[in-house]
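Report on the following structure.
Keep in mind the model is a prediction, meaning the values are calculated, not measured. Quick note on labels: first sequence line is chain A, next is B, and so on, each numbered from 1.
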Amino acid sequence: MSKIEKILKDHHYKRSRIIQILQHVQAEYKYLPKDILESVSQKLKMPLSTIYSIATFYAAFSLTPRGKHLCTVCMGTACHVRGAPDVLARIEEKLGVETGGTTDDKQFTLETVNCLGACALAPIVVIDGTYHGQTTVNKVGGLLDKYHEKKGT
Amino acid sequence: MMTLTINKKKVRAKKGETVLEVAQREGIYVPKLCYLKGVTPYGGCRLCLVKVKGWEKPVTSCTLLVEDGMVVETETPLLKRLRRFSLQLILSEHPHACLVCEKRIECADYQECIQKTAITSGCKFCARNGNCELQELIDYLKIEEIPFSFKYRNMEIEKCDPFFERDYNLCILCGRCIRACQEIREAGTLDFHHRGPETMVGTAYGLPHLESGCQFCGACVDVCPTGALRERYSKWEGVPEKSVQSTCLLCNIGCSIDLKINDKKLINTTPTHEQICVRGRFGIAPLVYHPKRITQPLLKKGDRLVQVEWKEALAYVAETLKAYTGKTGILFTPQMPVKAIDSIYALARHLKSTIAAPLALDAVVRPFDVKKFERGSVILIVNTDMVSDFAPVLLHARKHSKMQHRIIVIDAVKSRVAEMADLWLQPRPGKESDLVRTLFAGGRIGKSVGVSQEDYTSCRDAVKEGPVYLLFNADNMKGMKLPKRVSVLPLASSINTLKILEMGTDDSAERVLKDKSVDCLYTIGVAPRLDRKYKRLIVQDSFPPSFDFDLFLPAASFVEIDGTVVNINGKIKRLHKATEPLGNSRPDLWIIKEIGKALNCDLTKRTIRRKRRGKKSQLRKITVTKKYPLYLIVRKNSFVYRGHMLSALMKGFERLRYDNRIWINSATARKLKIADGADVRVIGQAIDLTLPARITDHVPPDSALIYAHPSLAISGDQSVRIECIKS
């Protein structure tokens, strides 16, 4: 059984569970590949335009391939006043990509988020689900290197 | 029943109705933009706000269900202020330069010359000027200024598709097109995408509509309140002055259509009350004013065709037909009024000529109303792509999910209806009739049919009892015996099919064309391929045929005549004249009557109907051989007007359907080294054609598909070989 068949079967081929299905697809492929969405559309008998509508509505879904590590910088009010724009600029410089982009070696994808609700830790950088609070411009380099090292080992 | 009060007027309402629906029925005007009858309310435009007594805040009446004893106000100063505010917000993203321009009144005189600009920055530059719901609301709410800064989205106008174009800079995101596409047409081509200020209407991945499964039914264009979606053909034709109800003759369903007239010219056609398809919506007006249409009688004098008056043309016909009495063959199209068909039969009888309408329908027909399928019935669709060709019928079948219809498709070719069907059996090409026969006769299915036993059993169980509606392609069902409870209709045939069957004449055009005694051929709206020479050739049509002729009689189109036709249900549908016949063209009936007069023949006398008891033909078995290794599937083309393929006349249809190409399976094409669009030669025992190829996965391996057409002189499946032509 193909990966997509299994995901759809887990959700009993229910159209109402399209968001969970897309989350699963994204967990499996790191993004939502077009051919996979086309086969989801065919198998659920659901218009591709509706799936595309959902996929573009939620910021959590990505239609372009993402890097191995997802780096999210919080740009909420608290993070903003405590220097998030500088942190973001430093990360952009370090990775050589703009917000929303993926590095050429497909290691990092850089994104921003409007508030994570953990303002006490501002400014926050989340890498692969791990929260790094009270980040500073100086700390960023070491932080990213840690993930680069992981790749080496 | 409930009672509520709207604007101090006591009104009655049913449970489940919305306040807006009740107000509309009672003649109380409530402004609205996103409301569309028959689809889920959206509540997006906020213009239909009403005040309900006891409720703190105004609510949108389109989403408000009626309650007993409700007291509703639709016009209060607060509501007016809120509506104005909402509309001003909507307009802040809709080009409104003309609205606030001080010269707008004088400007009206010059709008003709400034209309066709690249960017629509105001009403005077818009195709919908004067026919726009926003303009109506601006007048109603007396908006003279927009207190917000204007945002032009600066999106490229989407002109890549045929029939209509899209300027989403004018879109107000009311979502009507989306709901029409999803709920009324069940096509699901359009939806909102992205979020917040970036929200926009479009197809998945922003692909052209041609690649997104759009049927080009035009439902979205018809419901758009602004100029965002506009028909290409009638874009600058202005606001219609009047509308004439008539019938579309482009297929055998005979949908009611409204002919929109402006300045004595047909500008476009819209559905009357039910859904129509791309033919009826976008095909008619361009056909009537087609540049290739001939509107003058033409007579061959020497080597030249000369324009002549009707008097001379009719004298020539009368003389010729008289001289060739008993040696004349008449071929006519069923796409004309019943009376004209009767007269043609009478004329043929008088001239002792052989006559045929090229229906090539040689199968059992048990008519039923395609708008009323019995509850719980099975709709069996054989070799017909209902989605592309007969979507209005399919919508009737699917309208009530409560009715629990099951749609089963039997087709060797992957069609769009096969993709959406409850069950799709894909037999090997040519085995469809075997499958259908076994399905009703019982027994096991042979391996050669190529259908799994499991699928076959579930299909057989479904059609075991109860009503079954069989919609089929006649070419594949010759000599078929079916139980009484099966209603049978060939959808891919012409209007008036039932009329021609009732007349009971031989309907094979081949018989006339192969008749050696025929020296004079008179074709009426038919353009067959001629394999031999005739002494005289008379053509009565709107478009020139591919062969040389002696006389051309220009016939009027079906929007230029009055009359009646018989549709596939056996219902009589009316044609109403909307415009005068173009140029010097004349209705078919008039021409035939004039010929009758000149020949002293009484055409009013009804011909005696004789049921022909000919030998029922059997389906030919097709075997592929080494010499002819490919199975060629031949399908009836239902996009034909009077013997001319719509694709040959209008580019939009060609881009939509590719029905003038030979469809070749991609693996087969790779093997034969055929590229998409390349010219190929198709050679069979009886055919030798050259046409462009279309590479597709919809056709099964080792086979190809072609749409039958009189000018190709090809009928029924056959085995062929395909050769690539090297340039």
Side-chain angles (χ1 to χ4, degrees), chain A residues 1-2 4-5 8 12-19 21-23 25-26 29-66 72 74-77 98-101 111-115, chain B residues 40 42 44 158 166 168 173 175 177-215 217 219-220 387 394 398 401 406-407 409 414-424 697-698:
Chain A
M1 197 188 292
S2 66
I4 183 64
E5 280 282 355
L8 290 172
H12 312 289
Y13 291 89
K14 274 196 176 154
R15 274 176 238 179
S16 54
R17 297 178 78 159
I18 182 69
I19 293 177
I21 292 170
L22 293 184
Q23 280 174 330
V25 171
Q26 177 136 322
Y29 298 90
K30 296 265 178 199
Y31 77 109
L32 302 175
K34 193 179 168 198
D35 53 331
I36 298 293
L37 294 193
E38 276 166 4
S39 77
V40 170
S41 151
Q42 263 173 25
K43 288 189 172 121
L44 294 184
K45 290 193 177 162
M46 190 175 191
L48 185 61
S49 63
T50 308
I51 298 175
Y52 180 74
S53 172
I54 295 162
T56 52
F57 184 88
Y58 294 103
F61 292 128
S62 170
L63 289 164
T64 46
R66 285 187 180 181
T72 315
C74 180
M75 299 300 280
T77 315
E98 283 188 14
T99 309
E111 283 179 359
T112 59
V113 66
N114 284 340
C115 185
Chain B
T40 323
Y42 175 52
E158 298 181 11
R166 304 168 293 278
Y168 285 121
L173 301 169
C177 52
I178 295 172
R179 285 171 290 151
C181 187
Q182 289 181 350
E183 296 179 29
I184 300 177
R185 299 297 302 208
E186 298 189 13
T189 306
L190 291 174
D191 208 331
F192 286 122
H193 57 79
H194 292 88
R195 182 177 54 171
E198 275 116 63
T199 310
M200 204 29 66
V201 176
T203 57
Y205 294 92
L207 290 170
H209 280 220
L210 277 173
E211 293 164 35
S212 308
C214 177
Q215 301 165 8
C217 63
C220 53
V387 176
L394 193 66
R398 287 170 56 84
S401 52
R406 281 197 78 190
I407 294 177
V409 171
K414 181 178 167 189
S415 62
R416 280 160 69 184
V417 70
E419 284 172 343
M420 55 122 325
D422 296 311
L423 183 64
W424 171 33
D697 281 327
H698 289 232

Hey, can you dump all donor-acceptor pairs under 3.5 Å between chain A and chain B, distances included?
from, atom 1, to, atom 2, distance (Å)
A/Lys45, NZ, B/Ala421, O, 2.6
A/Ser49, OG, B/Gly188, O, 2.7
A/Thr50, OG1, B/Asp191, OD2, 3.4
A/Ser53, OG, B/Phe192, O, 2.7
A/Thr56, OG1, B/His194, N, 2.8
A/Phe57, O, B/Arg195, NE, 3.2

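- Residue contact with chain A, scored on non-hydrogen atoms closer than 4.5 Å, is absent for B/Ile178.
- Heavy atoms closer than 4.5 Å to chain B are found nowhere in A/Ile54, neither backbone nor side chain.
- For A/Ala59, the parts lying near chain B are the backbone and the side chain together; criterion is any non-hydrogen pair under 4.5 Å.
- No part of A/Ile51 comes within reach of chain B, as not one of its non-hydrogen atoms sits under 4.5 angstrom from that chain.
- Evaluation of the side chain to side chain contact (heavy atoms under 4.5 Å, CB included) rule for A/Ser2 yields A/Ile4, A/Glu5 as partners, not counting sequence neighbours.
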